[in-house]
Amino acid sequence: MIKLDDRITKLLNITYPIIQGGMAWVAEAKLASAVSNAGGLGIIAAGGAPTVAVREQVIRAKHATDKPFGVNIMLMNPDADEIAKMIVEEKVPVVTTGAGNPEKYMEMWKAAGVKVIPVVASVALAKRMERAGADAVVAEGCESGGHIGESTTMTLVPQVVDAVSIPVIAAGGIADGRGIAAASMLGASAVQMGTAFIVTEECQAHENYKKCILKAKDIDTKVTGRSVGHPVRGIRNEQTKEYLKLEASGADAMELERLTLGGLRKAVVDGDVRMGSVMSGQIAGLVKETCTCEELIQRLMREYKEVLEGGRMYVK
Ligand code: TUI
């Protein structure tokens, strides 16, 4: 029987090997603290927010939990340098990064005792991150929502596991105990999930956003932005339809950006799921009910154990 090892739970001082992904606009203090209180690792997403707003979320999370939590820095954020320093000032226990290479901050974070977990979409970046002193990496397959790489979770995770000695956290396409068991078979030490946490009661995303995920079928996500080198996965709607039409007609980056600028805020905060960006992973089709973070994590662990003990979860 193959089981997830305890390298990540030990490293992060958490009960369950389940990490909630840092989703811009969606992953705020309320969600992150609920996940941490339930025994996983909650993460506050900086997204494109200014430092002052991210710091406020960190302070809120500190009031809401005494368990470890993390901050995700989206490295294209113009405030990334400042947020990187704020993490040290506020003694945030864990930092994850996305959409870039965080090497220039590693020394500062390591010196301050912050656990550093870059999200990578390739073996090359995983190796580089290990050399730079990362404590672990999240290997994120292109089943994920938001900004994605080229490889699937099934192909990326074992290749990253073979290429590095630090623990690997699998992400992309995981939303139940079967997914966690599969990740353990590929050599992962933990999983990171995003889409499944969006529909939890503690997540403050707009009800329309949650409904889109709850009613999505297997084929309901689309990838836009491949032509401009910035692929983003989300639930198909009027915006993705128009975007893909423009892309096929050879529109330039400026024209395309007009369609997506502020689109995530529009969907998450205003509930405009027609013309906003409803970022979501391909696993949305498996996400069918709302529950608390505690209930979700308990269910995931129960299902995972059932699968390990002989596949009971598959019996109808
Ligand atoms: O970062 C993510 N996913 C994201 S970030 C995001 S914010 C956003 N907001 C509005 C529009 C578009 C995006 C939404 N989703 N995942 C981690 C991730 N990192 N996926 C892929 C990468 C990545 C890609 C290239 C990391 C590094 C990289 O190259 C760095 C290098 O220097 O080699």
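Since the structure is predicted, the reported quantities are computational estimates derived from the model, not experimental observations. Every number for a ligand or one of its atoms is a count from 1 in the order of the listing.
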Ligand 1 versus Met23, non-hydrogen atoms closer than 4.0 Å: side chain, backbone, both, neither?
neither
Tell me the nearest of Ala99, Gly21, Ala45 to atom 1 (O) of ligand 1, using heavy-atom distances.
Ala99
Under a 4.0 Å N-O cut-off, is there an ion pair linking Asp6 with Lys10?
yes
Rounded to the nearest 0.5 Å, how far apart are CG of Asn72 and OG1 of Thr96?
3.5 Å
Using heavy atoms and a threshold below 4.0 Å, how should the contact between His147 and ligand 1 be classified: side chain, backbone, both, or neither?
both
Out of Gly98, Pro102, Ala121, Gly22, whose heavy atom is nearest to atom 21 (C) of ligand 1?
Ala121
Taking Glu103 first and then Arg128, would you say they form a salt bridge - that is, a charged N and a carboxylate O separated by under 4.0 Å?
yes
Quick look: Thr260 vs ligand 1, heavy-atom contacts under 4.0 Å, and the answer is neither
Looking at OG of Ser36 and CD of Gln20, how far apart are the two atoms once the value is rounded to the nearest 0.5 Å?
7.5 Å
Proximity to ligand 1 by part of Met76, non-hydrogen separation under 4.0 Å:
neither
Is Asn101 close to ligand 1, meaning an N/O of one under 3.5 Å from an N/O of the other?
no
Carefully, step by step, assess Asp81 and Lys104 under the rule salt bridge (Lys or Arg N to Asp or Glu O under 4.0 Å).
CA-CA 9 Å; Asp81 289 358; Lys104 66 174 170 172; 3.2 Å; yes
